[in-house]
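In this text the structure is predicted, and so the values were computed from the model without any measurement.
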Amino acid sequence: MGAGRRTRPAARREPRETPAARVRRGLSGRGATVAALVIAVVWTVPTAGLLVSSLRPEEQIRTSGWWTFFAAPEVTLRNYSDVLFGGPGSGQLASYFVNSFVIAVPTMVFDVVLAALAAYALAWMRFRGRDWMFIGIFALQIVPLQMSLVPLLRVFSEGVAVGGAQVLPPWELVGAFQFTTVWVAHTIFGLPLGIFLLHNFIAQLPRSLMEAARVDGAGHGVIFRRIVLPLSAPALVSLAIFQFLWVWNDLLVALIFAGGSVEVAPLTVRLAELAGTRGDDWHRLTAGAFVSIVVPLIVFFSLQRYFVRGLLAGSMKG
């Protein structure tokens, strides 16, 4: 009887679809594609209108909308010439444009380097209080930026005194040296998010790779330079883009810590002054606005593939 029995084959279980796979399938559907195209068009139309307006003569800007440009095209570069190199009332944005670079690029480098070092230490170095330190850094992201402006400004202007003893002298910086306070302020404000983003990426690097490097005698410095940095390139570039765009578009921090002088003020400060004092000069305002956004656009589109890889790497599994 036992020989005559036929055993039923075990039912094959279909592999369960992971949440990451469901997300990818949903984002690759036709509806998601149409929604993305609609959002892209709606988001791009104002920028296209700004570009067209910046290239139109003053008389046409005052009398008709930018969409009428295509009926009778007339292009001029006088708006850019006036706003970049014109007189004091025209903008003189060239020097402010350079100031924005001087503020944004070093701040981006400082933030990425310090955040990478801190993220590696919190992810792969064992020391007491490491987890609590990471929680504290994460909690700093919810502190409003405005709450720390006045205390930090007092540290720069008055120094730090403990029990009547001057621990940190005041930063008596004038002229171009005022860039230092802006660099420090932007770096401080950007580090919590930078450390959090890089820590999540660096902590997911293969442990076997780290252990193999230690077996070969590599210390933390060698592991960080030769293993962590090359593998973390997408995350580092993503953070660099975030930091550059945030600092480039910042008005509040630069205005408070650098002032509005032509020697150190960034482009956003001068654009705010133009919008407040010469709000009727639309031909100059549109040209100045497009000058301010062309650099972030170039940075984003040139590093877009690294940016997307850095956002997606390590965020989903399966």
Side-chain angles (χ1 to χ4, degrees), residues 96 99-119 121-123 129-174 176-201 235-236 238-261 263-273 275-276 292-293 296 311:
Y96 296 92
N99 291 344
S100 292
F101 268 106
V102 175
I103 292 174
V105 174
T107 303
M108 176 192 67
V109 174
F110 296 153
D111 189 80
V112 171
V113 171
L114 294 178
L117 291 170
L122 293 171
R130 180 185 65 174
D131 295 337
W132 286 106
M133 183 179 296
F134 179 72
I135 293 174
I137 293 173
F138 176 78
L140 287 175
Q141 298 181 63
I142 66 175
V143 178
L145 176 67
Q146 293 79 4
M147 292 184 60
S148 55
L149 292 177
V150 174
L152 187 59
L153 186 61
R154 292 188 62 181
V155 170
F156 290 153
S157 59
E158 302 177 5
V160 178
V162 178
Q166 193 76 21
V167 178
L168 183 66
W171 295 25
E172 298 177 355
L173 304 176
V174 294
F177 290 100
Q178 292 180 358
F179 285 123
T180 305
T181 58
V182 186
W183 294 338
V184 173
H186 273 306
T187 303
I188 291 174
F189 296 143
L191 276 177
L193 177 61
I195 295 174
F196 175 73
L197 292 178
L198 293 184
H199 175 271
N200 292 343
F201 188 94
L236 294 174
S238 299
L239 177 60
I241 294 175
F242 271 126
Q243 184 68 13
F244 182 86
L245 296 182
W246 179 58
V247 176
W248 182 272
N249 295 320
D250 169 72
L251 171 64
L252 182 61
V253 176
L255 183 61
I256 290 178
F257 292 98
S261 62
E263 292 82 8
V264 291
L267 192 60
T268 51
V269 173
R270 184 54 180 162
L271 287 177
E273 293 175 354
S292 68
I293 69 174
L311 291 181

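- A104 is linked by a side chain to side chain contact (heavy atoms under 4.5 Å, CB included) to F244, V247, W248, counting only residues two or more places apart in sequence or in another chain.
- Here the closest non-hydrogen pair linking Y96 and A265 is CD2-O, 3.3 Å.
- With a 4.5 Å cut-off on side-chain heavy atoms, H186 and D111 do not count as touching.
- For V109, the side chain to side chain contact (heavy atoms under 4.5 Å, CB included) partners two or more places apart in sequence, or in a different chain, are V113.
- Taking F110 as the reference, P106, W183, T187 meet the side chain to side chain contact (heavy atoms under 4.5 Å, CB included) condition, with sequence neighbours excluded.
- Across I137 and L122, no two heavy atoms sit closer than the pair CD1-CD1, 3.8 Å.
- To the nearest 0.5 Å, atoms CG (L236) and CD1 (I241) are separated by 11.5 Å.
- Note that CG of L197 and OG of S238 are 8.5 Å apart. Values are rounded to the nearest 0.5 Å.
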Set out, in order, the CA-CA distance, both residues' side-chain angles and the distance that settles side-chain contact (heavy atoms from CB on, under 4.5 Å) for V150 and I256, then state yes or no.
CA-CA 9 Å; V150 174; I256 290 178; over 6 Å; no
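- Counting heavy atoms from C-beta on, the side chains of L145 and V253 come closer than 4.5 Å.
- Side-chain atoms of S100 come within 3.5 Å of backbone atoms of L267 as a donor-acceptor pair (strictly under, hydrogens ignored).
- When side chains are defined from C-beta on, I103 counts as touching F179, because their heavy atoms get closer than 4.5 Å.
- Between Q243 and M108, the closest heavy-atom pair is CG-CA, 3.8 Å.
- The distance from atom CG of L255 to atom OG1 of T268, rounded to the nearest 0.5 Å, is 8.0 Å.
- Taking both residues in full, the closest heavy atoms of A115 and L239 are given as CB-CD2, 4.0 Å, listed atom of the first, atom of the second, then distance.
- Checked by atom type and distance alone, the side chain of D250 never pairs as donor or acceptor with a backbone atom of W246 at under 3.5 Å.
- Screening residues 148-157 for salt bridge (charged side-chain N to carboxylate O under 4.0 Å, His left out) gives R154-E158 as the qualifying pairs, with residues at least two apart or on separate chains.
- Ring orientation note: the planes of F189 and F257 are tilted relative to one another, at an angle of 30° to 60°.
- Under the 4.5 Å side-chain criterion, counting only non-hydrogen atoms from C-beta, H199 is not in contact with F138.
- Under the 4.5 Å side-chain criterion, counting only non-hydrogen atoms from C-beta, I188 is in contact with L152.
- For the side chain to side chain donor-acceptor pair (under 3.5 Å) condition, no pair includes a residue of residues 131-153, sequence neighbours left out.
- Between V182 and V264 there is no side-chain heavy-atom pair separated by less than 4.5 Å.
- Every side chain to side chain contact (heavy atoms under 4.5 Å, CB included) that A118 has, sequence neighbours left out, goes to I195.
- Residue A272 comes nearest to L251 through the heavy atom pair CB-CD2, 4.2 Å, listed as atom of the first residue, atom of the second, then distance.
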Tell me, with the steps shown, if V184 and F156 meet side-chain contact (heavy atoms from CB on, under 4.5 Å).
CA-CA 10 Å; V184 173; F156 290 153; 3.8 Å; yes
